[in-house]
There are 4 protein chains.
Amino acid sequence: MNMAERDQDKTRVPRQRRSVETKQKIVAAALKLFSEKGFHATNTKAIAKEAQVAVGSVYSYYTDKMEIFKDALALFHEHFSEILRSHGALRLNASQNKRELIRDVIETVIKAHEVDPGFHREMNIMALSYPEVKDMAEKELRFFFKMTARLLRSWQPEIRIRDPEAAATVIILAANSIVEAVAFGGTGIGRERLVEATVDMLHHYLWPQEASQAIDVSPETE
Amino acid sequence: MNMAERDQDKTRVPRQRRSVETKQKIVAAALKLFSEKGFHATNTKAIAKEAQVAVGSVYSYYTDKMEIFKDALALFHEHFSEILRSHGALRLNASQNKRELIRDVIETVIKAHEVDPGFHREMNIMALSYPEVKDMAEKELRFFFKMTARLLRSWQPEIRIRDPEAAATVIILAANSIVEAVAFGGTGIGRERLVEATVDMLHHYLWPQEASQAIDVSPETE
Amino acid sequence: MNMAERDQDKTRVPRQRRSVETKQKIVAAALKLFSEKGFHATNTKAIAKEAQVAVGSVYSYYTDKMEIFKDALALFHEHFSEILRSHGALRLNASQNKRELIRDVIETVIKAHEVDPGFHREMNIMALSYPEVKDMAEKELRFFFKMTARLLRSWQPEIRIRDPEAAATVIILAANSIVEAVAFGGTGIGRERLVEATVDMLHHYLWPQEASQAIDVSPETE
Amino acid sequence: MNMAERDQDKTRVPRQRRSVETKQKIVAAALKLFSEKGFHATNTKAIAKEAQVAVGSVYSYYTDKMEIFKDALALFHEHFSEILRSHGALRLNASQNKRELIRDVIETVIKAHEVDPGFHREMNIMALSYPEVKDMAEKELRFFFKMTARLLRSWQPEIRIRDPEAAATVIILAANSIVEAVAFGGTGIGRERLVEATVDMLHHYLWPQEASQAIDVSPETE
DNA sequence: GATGAATGAGGTTTCATTCAT
DNA sequence: CATGAATGAAACCTCATTCAT
């Protein structure tokens, strides 16, 4: 394996079980601290301490503090995807009630965000400052774009979207920013109302006819 | 004049005004550097140098590096609002073509972002880390929520939005995140397609009837 | 001045008198410690302490520990040359007794070495490890080569040297290594005997006739 | 053996053949790395790796990194002497042409240096810093002093040296420093010219009459 | 008021050595 | 006996902030 080759002499490639466990302890500790206090406010000593390991050990698994972050990010993405999968966000089909479908998706994404809102925030920070992190985060995000685009295309021609890729991107970005607003607050509007408005917006976007009727049927709610 | 007497041999500039100018030089310098290299990578010495002032002087105007940032942020918000205002983003009325109206707004916001994308990014970073900055940024954002909500309400009942405040928030958040994606790239979709999709989404959300017809009129575009 | 330009933001260019004094205190302290304990065994904290200055101050005058060393080396060279000059090593002329002349030169060089044998040693160590130091040391050495070559040429044709440059180099190198042996001991032969033998060697090399006669005149010494 | 007694339970005294081989692999690896990158830049992990042995094993043969160096130094001296011996540097006799004899010796020493110039340099560095290493290096050097002195004495009274021991020391030191200059460059004079000048110097020192004639015979060369 | 020299805590990283497996 | 994981002191360097001039 050329991975092993490249890291040779610098970072340890876990061979023994103990070693594997130590590395896991370190990422776990780092994920926790980055999430709580952010990257810059977390020093290597603290990571080592949290992992109950000597500072030197940290550096035998990682060349760099940044390297630890990247591993933590990968771990975070795993957790995140796991949530999405387990909540069945992807076994959607157009047969169910459209509003419920949209709401389900949004709620699931909120759930996923709530697993570790702190780290999510830190990921955003880091992505803005470090291209490498940006790339990782974007790669993950594009995966969702792709998934969504495929979904939209599968729903054609029932929904009449002109540019499924762009639409998927816009939907994900919008949903994401609203989910973040829900997670971190600060809008002054409660969670329920924001979700409802978002559902409305997407409903109209994707199934205009049905959405328009829905308004006629139940006007003046709230 | 006894004023002249008191200031003897330094009569050039009144004390007060010079002081104000110095402070302005400092913020301006800071804004520039924060925007270029970020908060953490900009040290006070560099700010002083850029402002052509001694380090000590910086600390006689500001207690803290953070204090400087907050002032820079305020200045940035001024610039930002100025752009929006000068581009007339807010003298909208429902009479013009709806798609054009939406597109205008979005383009204006993109313009405003483009004034200083670097600082915008840094503002986001800082907002995520420092509650005080977050508060400032949110306060500004809520202003836009309010403005938008008022606008939406003024368009009622032509548009039949159930909860104008929540809708305004959702619209601004969505628009904002898409604008950022346009500014920083990374989606893999070009600017035009993203804008078009966003316009579509908002068009359907706000003027469902008209939007549906638009699709019927010019189908299979793109 | 482009020097000032280049160093800008990183190292301080002493402007005030206090500043100049501080920088001098630092080199002096460094010279002392490098000489006593060597470069690697001297840490920046110790230098700061010896100079009665904060660590940070050291780094406002020097980017690097190595930079300090180079400055110390320059200072050392100044001291060294000063000794040579004050001992009149270079107002040699061929008129005086040749053996005495050679002995004078050698004794002077020994004196110069004795000013700071520790640093001399360290200079050699560093020269072997760091090309930049090697260059500095060699530059100084070549100056002596040049001086000596000029002297030899001025003595032609009385002395019949085939290649004055090479001869000068060989003489300086030989003298130097013997002087070092005298300074650091380890040969098992006393200082006087080494100097005498060296004088003999150079005497024979430069003034063969005279040297041969000298042997005939005082044979079987020792 | 009380040697074994003394070292017991700290460092292993190789008893079995495999053990001996392991120790040899370690020194060999160390010699190579020290020579290439120097003592300080070579870490124990690298030595272990190069020797294809675990770090812990290194420490069961050696108490210390320095201990390894000392062993490497001894090995180096063996190689060095081996070269000298095999090139017959010591089966000199006064019957052959004197200039050729001197040149032969010098060329042989250069050859010996060229076996491992890197380690030679490192030995010098270490000798200057660590008394123990200095002692080892000097012990070896004195061996050459002794050999040379014996040679000189055997050539008496043909050569009329007053103090053979001192002369031998001076000759070896001079030759050594010139050889080093040839090996590491930096004098600005080419190898051939330096060797020639050295031969001249020693020729005049040891066989004044013959050397003087040589000059008369072939004047104005170069 | 202004200047810029001085401070020193704190951060990241290395590596010789020990020790559990 | 070998292995290689773990240790932690110690090194270098940065920079927000203070303070003498």
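In what follows, chains carry the letters A, B, and so on, assigned in the order in which the sequence lines appear, proteins first and then strands, with residues in each chain numbered from 1.
Pair assignment for dA20(E): dT3(F), on the basis of Watson-Crick or G-U wobble contacts that are both within less than 3.5 Å.
When the P atom of dC15(F) is taken as reference, atom OH of Tyr62(B) falls 21 Å away, rounded to whole Å. Rounded to whole angstrom, the span from the CD atom of Gln52(B) across to the P atom of dA2(E) amounts to 15 Å. Residue Phe34(D) contributes atom CZ, which lies 9 Å from atom P of dA16(E) at whole-angstrom precision. Following rounding to the nearest Å, Phe39(A) (CZ) and dG11(E) (C1') show an atom-to-atom distance of 12 Å. The interatomic distance linking Glu21(A) (CD) with dG4(F) (P) rounds to 18 Å, in whole Å. If you measure from atom NZ of Lys23(D) to atom P of dA2(F), you get 13 Å, rounded to the nearest angstrom. Between Met66(A) atom CE and dT13(E) atom C1' there is a gap of 15 Å when expressed in whole angstrom units. Rounding to whole angstrom units, CD of residue Glu67(B) and C1' of dT17(F) are separated by 14 Å.
Considering only heavy atoms from C-beta on, Val27(B) comes within 4.5 Å of Tyr62(B) through its side chain. Using a 4.5 Å heavy-atom cutoff, the side chains of Ile26(D) and Thr22(D) are in contact. Side-chain contact between Leu75(C) and Glu78(C) is present, with at least one heavy-atom pair separated by less than 4.5 Å.
Heavy-atom neighbours of Lys25(B) NZ from other residues, nucleotides or ligands within 6.0 Å: above the threshold of 12. The number of heavy atoms from other shown groups lying within 6.0 Å of CD (Gln52(C)) does not exceed 12.
If Lys65(D) and Gly56(C) are placed on DNA chain E by their nearest nucleotide, the residue sitting closer to the 5' end is Gly56(C). The residue among Asp64(B) and Asn43(C) whose nearest nucleotide of DNA chain F lies closer to the 5′ end is Asn43(C). For the pair His40(D) and His40(A), nearest-nucleotide mapping onto DNA chain E gives the more 5' position to His40(A).
OP1 or OP2 of dA2(F) has not a single side-chain nitrogen or oxygen of Ser57(D) nearer than 4.0 Å. Checking the phosphate oxygens (OP1, OP2) of dA6(F), a side-chain nitrogen or oxygen of Thr22(A) falls inside 4.0 Å. Listed pair Thr44(D) / dC15(E) fails the phosphate criterion, with no side-chain N or O lying under 4.0 Å from OP1 or OP2. Side-chain nitrogen and oxygen atoms of Tyr61(C) include at least one within less than 4.0 Å of the OP1 or OP2 phosphate oxygen of dA6(E). At least one side-chain nitrogen or oxygen of Tyr59(B) sits closer than 4.0 Å to the OP1 or OP2 atom of dT17(F).
Set against dT3(F), dA5(F), dA9(F), the side chain of Ala54(D) has dT3(F) as its closest nucleotide. Across dT7(F), dG8(E), dT3(F), the shortest atom-to-atom separation from the side chain of Val53(D) is found for dT3(F).
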